[in-house]
Amino acid sequence: MENKKEIPYKIYLEENEMPKQWYNVRADMKNKPAPLLNPGTLQPMKAEELEAVFCKELVEQELNDTDAYIDIPQEIRDFYKMYRPSPLVRAYCLEKKLDTPAKIYYKFEGNNTSGSHKLNSAIAQAYYAKKQGLKGVTTETGAGQWGTALSMACSYFDLDCKVYMVKVSYEQKPFRREVMRTYGASVTPSPSETTNVGRKILAEHPGTTGSLGCAISEAVEVATSTPGYRYVLGSVLNQVLLHQSVIGLESKIAMDKYGIKPDIIIGCAGGGSNLGGLISPFMGEKLRGEADYEFIAVEPASCPSFTRGKFAYDFCDTGMVCPLAKMYTLGSGFIPSANHAGGLRYHGMSSVLSQLYDDGLMEARAVEQTSVFEAAEQFARVEGILPAPESSHAIKVAIDEAMKCKETGEEKTILFGLTGTGYFDMVAYEKFHDGLMTDYIPTDAELQVGFDGIPKFPGNEI
Ligand SMILES: *Cc1c(COP(=O)(O)O)cnc(C)c1O
């Protein structure tokens, strides 16, 4: 019998224990995620086509379904050392408060200035852009976490960073904007007069407050029409899940050190990058038949891509300039209600997670906003951390599972991803405290409007 060590409140790793390679779960998937398609020809996107938009080495990672491990370049590992390892916390205080026999752990990614896990991929994408000799990158940001992370990464590598920020967020979250400018990024409210697509949208919809889909179209146009620039994206893509595997790898190393094996692994799912990263090494074991785990994706009931979406090829953006991806989708024309978890308001989902879900290897749950904020507050009051609304979706289901254990007396071990802090979301907390928060659940008829916009071609029936 193994000698049971006492589990500390926080489990950290030594520098020499940190992962030196990312793990690519696609290598162990029997059913690979479907390739991106060129929307004009409906043929798989070739590397050369993708390289007009994305950095060369990132395209290689995007298309690599075979190498299980990919080296993390030394420069990226050096940057990771500034804020990693992130702590794996045993939620002793929450367990006590819930009076549950469950053992709850969370991996906290909010311990850096950008306040979320997005920095893990931002630094990798900036590194490959710099290595390629580019001048800069363009991107979009909705709630602002991705734009902030990318600004930090670009300033580290002395790259120019142009961020198209959804106009409503630009106006409502001026402090996020100032963080980005502090790190040297230029931030343009979208839609703007600086691009053809922006001018067209403004002419058609004067006074529009913008959308993520529109900001993507502007950022892609600027990247492809400016020499020395490429476009980068903070979620959904295979390469982003690959970079985020550092979350799961660190968790697994820390848990293995103490002989802990999680029964249930939970994460919130917007485009799927933090969840994909957290579960990847554990899912790898499941795929290889070495261990079994229960995986749960948590999404807002107002934007239920997994639980009510269709598994089909669809556009990644509203402007329909990006390739088609096969994923669980609500249709690129679906406009989610103004839920406060901005990072989870995306119509689609990572192709990797979509395939795993379709193969029955993971579950998904949709939860309502006010119950999420109740869980957030309960968590904040005992664990101290003020969680992001996105992250609180995972807290909600972790608490639900712990309460089930209380009923059955089972001592399950639960691991969830706490993706970030919520300091820029205090307007949402204020609405919750004032009793003004609502739970909007789209009707089937409303979802049908989005489904009607999914492209129709042979093999893509929904
Ligand atoms: C962006 C974001 C998410 C959702 O994105 P994924 O790609 O699904 O991980 C979750 N939490 C926070 C704090 C975010 O910033």
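Predicted model only: the values in this text are computed from it and were never measured.
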Q | Working for side chain to side chain donor-acceptor pair (under 3.5 Å), residues Thr307 and Glu299 | A | CA-CA 8 Å; Thr307 51; Glu299 58 187 14; 2.6 Å; yes
(Q) Set out, in order, the CA-CA distance, both residues' side-chain angles and the distance that settles salt bridge (charged side-chain N to carboxylate O under 4.0 Å, His left out) for Glu401 and Lys412, then state yes or no. (A) CA-CA 9 Å; Glu401 289 299 316; Lys412 285 191 182 169; 5.1 Å; no
Q. Going through the checks in order, is the side chain to side chain donor-acceptor pair (under 3.5 Å) test met by Asp439 and Thr370?
A. CA-CA 7 Å; Asp439 289 320; Thr370 45; 2.6 Å; yes
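The main-chain N or O of Ala301 is never found under 3.5 Å from a side-chain atom of Arg308 such that the two would form a donor-acceptor pair. Panel note: side chain Asp67, backbone Ile70; no donor-acceptor pair is recorded below 3.5 Å. Between the side chain of Tyr23 and the backbone N or O of Ala68 there is no donor-acceptor pair closer than 3.5 Å. Of the possible polar contacts, none joining the Ser280 side chain to the Gly277 backbone as a donor-acceptor pair under 3.5 Å is found. Distance alone, capped at 3.5 Å, is enough to place a donor-acceptor pair between the Asp317 side chain and the Cys322 backbone. Here the side chain of Glu294 pairs no donor or acceptor atom with the backbone of Asp263 at under 3.5 angstrom. The main-chain N or O of Thr438 is found under 3.5 Å from a side-chain atom of Gln369 such that the two form a donor-acceptor pair. A donor-acceptor distance shorter than 3.5 angstrom exists from the side chain of Arg26 to the backbone of Asn64, with no hydrogens or angles considered. The main-chain N or O of Phe157 is found under 3.5 Å from a side-chain atom of Lys130 such that the two form a donor-acceptor pair.
Using cut-offs of 30° and 60° for the angle between ring planes, the Phe373 and Phe432 rings count as tilted. Between Phe295 and Tyr293, the angle of the ring planes lies from 30° to 60°, which puts this pair in the tilted group.
Between the NZ atom in Lys252 and the CD atom in Glu285 there is a gap of 4.0 Å [rounded to 0.5 Å]. In this structure, the separation between CD on Glu75 and OH on Tyr156 is 8.0 Å, given to the nearest 0.5 Å.
When side chains are defined from C-beta on, Lys326 does not count as touching Pro33, because their heavy atoms never get closer than 4.5 Å.
In this structure, Glu290 places its CD atom where more than 12 heavy-atom neighbours from other residues, nucleotides or ligands lie under 6.0 Å away. More than 12 non-hydrogen atoms from other residues, nucleotides or ligands lie less than 6.0 angstrom from CG of Asp434. Atom OH of Tyr9 sits in a crowded spot, with more than 12 heavy atoms from other residues, nucleotides or ligands closer than 6.0 Å. Environment of NZ in Lys261: crowded, with over 12 heavy atoms of neighbouring residues, nucleotides or ligands closer than 6.0 Å.
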Donor-acceptor list for residues 137-153 side chains, cut-off 3.5 Å, not counting sequence neighbours:
residue: Thr138; atom: OG1; partner: Ala219; partner atom: O; Å: 2.7
residue: Thr139; atom: OG1; partner: Trp146; partner atom: NE1; Å: 2.8
residue: Thr139; atom: OG1; partner: Val232; partner atom: O; Å: 2.7
residue: Glu140; atom: OE1; partner: Tyr231; partner atom: OH; Å: 2.7
residue: Thr141; atom: OG1; partner: Gly144; partner atom: N; Å: 3.4
residue: Thr141; atom: OG1; partner: Gly147; partner atom: N; Å: 3.0
residue: Gln145; atom: NE2; partner: Glu390; partner atom: OE2; Å: 3.3
residue: Thr148; atom: OG1; partner: Gly144; partner atom: O; Å: 2.6
residue: Ser151; atom: OG; partner: Gly147; partner atom: O; Å: 2.6

Counting only pairs under 3.5 Å, give me each side-chain donor-acceptor contact of residues 375-382, with atom names and distances, residues two or more places apart or in other chains.
residue: Glu377; atom: OE1; partner: Arg381; partner atom: NH2; Å: 3.2
residue: Glu377; atom: OE2; partner: His433; partner atom: NE2; Å: 2.6

Donor-acceptor contacts under 3.5 Å from residues 413-429 side chains, at least two apart:
residue: Thr419; atom: OG1; partner: Ser391; partner atom: OG; Å: 2.7
residue: Asp425; atom: OD1; partner: Lys173; partner atom: NZ; Å: 3.2
residue: Tyr429; atom: OH; partner: Pro387; partner atom: O; Å: 2.7

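Partner of Cys55 under the side chain to side chain contact (heavy atoms under 4.5 Å, CB included) criterion, chosen from Val59, Leu58, Val53: Leu58.
Between Thr194 and Tyr164, the side chains place a donor N or O and an acceptor N or O closer than 3.5 Å (distance only, hydrogens not considered). Side chains of Gln244 and Ser121: no donor on one and acceptor on the other come within 3.5 Å. Side-chain atoms of His243 and Gln61 include a donor-acceptor pair closer than 3.5 Å.
Residues that satisfy the salt bridge (Lys or Arg N to Asp or Glu O under 4.0 Å) test with Glu218, not counting sequence neighbours, are absent from this structure. By the side-chain hydrogen bond (donor to acceptor under 3.5 Å, both in side chains) test, Asp359 pairs with Asn31, Gln355, sequence neighbours left out. The side-chain hydrogen bond (donor to acceptor under 3.5 Å, both in side chains) check on Asn112 picks up Ser114, with sequence neighbours excluded.
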